[in-house]
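Working notes for the structure below.
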Amino acid sequence: MRVGVFDSGVGGLTVVKSLLEHKIFEEIIYYGDTARVPYGVKDKNTIIRYSLEALEFFKNFEIDMFIAACNTVSSHALDELRANCDIPVVGVIEPGVLALEKKIQNKDANILVIGTKATVKGGLYNDLLKSKGYEQITSIPTGLFVPVVEEGIRDGEVLDSLFDHYFEKLNQVDGVILGCTHFPLIA
Ligand code: DGL
């Protein structure tokens with residue numbers, strides 16, 4: 001099986017790492033759209049257009065499955081991707097919620113969802129978490145982490161001040177959804 005993995009930049013490599021660890025595919029082809037990152041500040045139509053262009057790129061490689069290793073794309077373009085190819089298209093939102101469900105069974109837990117502006121605005125995590133019974137959900141767009149990760153920064157002052165900027169007023173959190181594939185790199 002040959003899989004195509006797509007993200008706006010380096011973030012989707014966190015998904016590739018996991019695919020390699022689980023030895024699921026014989027061949028992985030990765031497309032990171034570093035020329036146009038970040039996607040998270042763009043409007044839905046642009047995200048859809050870029051995603052369909054990525055799909056077009058993969059048509060040269062006869063892939064058996066397409067993984068949108070990007071929460072922003074998974075939030076806004078999965079239907080359009082599925083409508084434009086006849087291979088399975090998988091996103092990362094549902095798997096993220098399933099992973100949380102395995103770790104946190106208490107439905108009163110305070111769940112923090114962080115992601116790009118587009119992902120938070122799309123509201124898919126909220127909808128899915130609510131449909132599973134979670135009630136206490138706080139969503140914060142933290143898109144500035146994306147260029148910082150693209151820049152290769154993994155710790156230090158810049159990140160510390162971003163953490164203060166985004167999370168200063170946050171109360172108790174029992175679980176966090178890293179709703180952007182760039183974020184595991186600074187988890
Ligand atoms: N890594 C992406 C995500 O999971 C997108 C980051 C961006 O391009 O803004 O949402």
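Numbering of ligands and ligand atoms starts at 1, following listing order.
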Is any N or O atom of Gly40, backbone or side chain, closer than 3.5 Å to an N or O atom of ligand 1? yes
Would you check whether Thr181 has a nitrogen or oxygen atom less than 3.5 angstrom from a nitrogen or oxygen atom of ligand 1? yes
Enclosure of Lys44 NZ (heavy-atom neighbours >12, cutoff 6.0 Å): yes
Counting only heavy atoms not in Lys17, do more than 12 fall under 6.0 Å of its NZ? no
Considering only protein heavy atoms, which is closest to [atom], and at what distance to one decimal place?
{"atom": "atom 3 (C) of ligand 1", "answer": "Asn71 N, 3.3 Å"}
{"atom": "atom 5 (C) of ligand 1", "answer": "Ser8 OG, 3.4 Å"}
{"atom": "atom 7 (C) of ligand 1", "answer": "Tyr39 N, 3.3 Å"}
{"atom": "atom 1 (N) of ligand 1", "answer": "His182 ND1, 2.7 Å"}

Please determine if Arg36 and Asp33 form a salt bridge, counting it only when a charged side-chain N lies under 4.0 Å from a carboxylate O. yes
Search all heavy atoms of Val146 against all heavy atoms of Pro38 and return the closest pair with its distance. CG1-CB, 4.3 Å
Part of [X] within contact of ligand 1 (heavy atoms, under 4.0 Å):
{"X": "Cys70", "result": "both"}
{"X": "Thr72", "result": "both"}
{"X": "Asp7", "result": "side chain"}

Per-atom contacts of ligand 1 with Val37, taking only distances under 4.0 Å to non-hydrogen atoms: 8 (O)
Check ligand 1 against Thr116 and write out every atom of the ligand that is under 4.0 Å from a heavy-atom position of the residue. 6 (C), 9 (O), 10 (O)
Which of Leu162, Thr116, Ile153 passes side-chain contact (heavy atoms from CB on, under 4.5 Å) with Phe145? Answer is Leu162
Any side-chain donor paired with an acceptor under 3.5 Å for Ser161 and Asp164? no
Hey, what else clusters with Val89 if you join Ile, Leu, Val, Met, Phe, Trp, Tyr whenever side-chain heavy atoms sit under 4.5 Å? Phe6, Ile29, Tyr31, Tyr39, Ile47, Ile48, Tyr50, Leu52, Leu55, Phe57, Phe58, Phe61, Ile63, Phe66, Val73, Leu78, Leu81, Ile87
Using a 4.5 Å cut-off on heavy atoms from C-beta on, say whether the side chain of Leu100 contacts that of Leu129. yes
Using heavy atoms and a 4.0 Å limit, tell me yes or no: is Gly115 in contact with ligand 1? no
